[in-house]
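First up is the structure itself, then whatever we jot down about it.
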Amino acid sequence: MPIDLHTHSTRSDGTATPAELVTEAVARGLDVVGLTDHDTAAGWPEAAEAAARHRITLVRGMEISATYDGRSVHLLAYLPDPTYPPLLEELVRIGAGRDGRLPMMVERLQGMGIDITEEDIRGAGESGAVIGRPHVADALVAKGVVGDRNEAFETMLGPGGAAYVSRYATPLLDGIDLVRAAGGVSVIAHPWGRSRVLSEDALAFLAERGLTGIEVDHQNHTPEQRESLRGIAGELGLVATGSSDFHGTGKVDHELGCNTTDPAQYARLVTAATRSREASGRPAPGVLEP
Ligand code: AMP
Ligand code: ZN
Ligand code: FE
Ligand code: FE
């Protein structure tokens, strides 16, 4: 029963539409797919419609840009009520941070002698998509400045890069509280990917503060990190998930289903979400079963 709980569509920085993503998940033999675009639930209706047509279980979520101790953390929110006003307001605030950063990045790139405009970058994404650095990368690829997204991040867009500009992200504890109040559950995405942002002590603190799980099996984690994280999740009573973080052709080595979530862990996650929904009194969505 392959379960992949973290994917991106064209509503953020993935390259497959929500419907294409669902179709591809079916083709890959997945039984459960989670759609978790960055800071938006905009892909949910299209994914839900496709999932019903293709007989696959859909878990609706999002990956919220958060910050802890001054560092970037990605918070996977599963099954929150996307109409909960405080959550909506927070997503608007994050979007405004993204919008405000774009002209500054353009200015830096132009200062580096690169002929690029905000329209070039927005044009790299679907209309209305949450625009991020991957779209800047795509515009740079289209102009022949770099060969692929990865090269763009490594040479100019990553932290410390010449075109890097930081932006607003939600304080992590506020994010966890918001997701819970919206009737959903929180899972820290790739906690030890790239940089080891969250210590074991921090994870223990977050578990007490309402975190439900951690993403253990992720491409950015080494086998040793996965085993340590699995042990920590077990000790802290956190759900251990596994996912691809699929971005279509936008991210190599993140194929759908390349990591999966154990069915028993998935069942715990769904139970926790049901409890959260009941406690919140919000009309949070359930898992969409075919
Ligand atoms: P932003 O949303 O603008 O902060 O951009 C961050 C996103 O860029 C992450 O969520 C990843 O999806 C993507 N990303 C980060 N590093 C890379 C990379 N080396 N290659 C491709 N995509 C990346
Ligand atoms: Zn992404
Ligand atoms: Fe992420
Ligand atoms: Fe992601």
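Whatever order the structure lists them in is the order used to number ligands and atoms, beginning at 1.
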For this session: Determine, using the 4.5 Å side-chain heavy-atom cutoff (strictly less than), whether L173 and L211 are members of one ILVMFWY cluster.
Result: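 Yes, L173 connects to L211 through the hydrophobic network.
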For this session: Check the hydrophobic clustering (I, L, V, M, F, W, Y; side-chain heavy atoms under 4.5 Å; chains of links allowed) and say if L75 and I232 are grouped together.
Result: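 Shared cluster, yes.
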Exercise. Can you tell me if CZ on R53 sees more than 12 non-hydrogen neighbours from other groups inside 6.0 Å?
Worked result: yes
Exercise. Above 12 or not: heavy atoms from other molecules or residues under 6.0 Å from CD of E107?
Worked result: no
Exercise. Judged by atom type as modelled, is there a donor-acceptor pair below 3.5 Å linking the side chain of Q110 to the main-chain atoms of I116?
Worked result: yes
What part of [X], side chain from CB on, backbone N/CA/C/O, both or neither, has a heavy atom under 4.0 Å from ligand 1?
| X | result |
| --- | --- |
| H74 | side chain |
| R167 | side chain |
| R101 | side chain |
| D245 | neither |

Exercise. Would H190 count as a contact for the Fe ion (ligand 4), in the sense that one of its N, O or S atoms lies under 2.8 Å from it?
Worked result: no
For this session: Give a yes/no answer: is there an N/O/S atom of H6 under 2.8 Å from the Fe ion (ligand 4)?
Result: yes
Exercise. When only distance counts, is R149 in polar contact with ligand 1, meaning an N/O pair under 3.5 Å?
Worked result: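 No, since none of the N or O atoms of R149 sits under 3.5 Å from an N or O of ligand 1.
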For this session: Mind reading off the angle at the Zn ion (ligand 2) between the OD2 atom of D13 and the NE2 atom of H38, rounded to 10°?
Result: 100°
Exercise. Does the ring center of H38 lie less than 6.0 Å from the ring center of H8?
Worked result: yes
Exercise. Does the ring centre of H218 sit less than 6.0 Å away from the ring centre of H74?
Worked result: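 No, the ring of H74 stays outside the 6.0 Å limit from the ring of H218, centre to centre.
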Considering only protein heavy atoms, which is closest to [atom], and at what distance to one decimal place?
| atom | result |
| --- | --- |
| atom 6 (C) of ligand 1 | R133 NH2, 3.4 Å |
| atom 11 (C) of ligand 1 | K251 NZ, 3.6 Å |
| atom 12 (O) of ligand 1 | H247 NE2, 2.9 Å |
| atom 10 (O) of ligand 1 | H38 CE1, 2.9 Å |
| atom 16 (N) of ligand 1 | F153 CD2, 3.5 Å |
| atom 19 (N) of ligand 1 | N150 OD1, 2.7 Å |

Problem set entry | Candidate pair E90 and R93, rule salt bridge (Lys or Arg N to Asp or Glu O under 4.0 Å), full reasoning | CA-CA 5 Å; E90 191 58 24; R93 192 173 303 161; 3.2 Å; yes
Exercise. Has H8 got an N/O/S atom less than 2.8 Å from the Zn ion (ligand 2)?
Worked result: no
For this session: Measuring from the Fe ion (ligand 4), name the closest N, O or S atom belonging to E63.
Result: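 For E63, the N, O or S atom at the smallest distance from the Fe ion (ligand 4) is OE1.
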Exercise. Of all N, O or S atoms in D245, which has the smallest distance to the Fe ion (ligand 4)?
Worked result: OD1
Seminar exercise, completed: In this structure, OG of S199 is separated from OH of Y68 (nearest 0.5 Å) by 7.0 Å
Exercise. Just how far is it from atom OG1 of T36 to atom CZ of R11, taken to the nearest 0.5 Å?
Worked result: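 Spacing of OG1 (T36) from CZ (R11) equals 14.5 Å.
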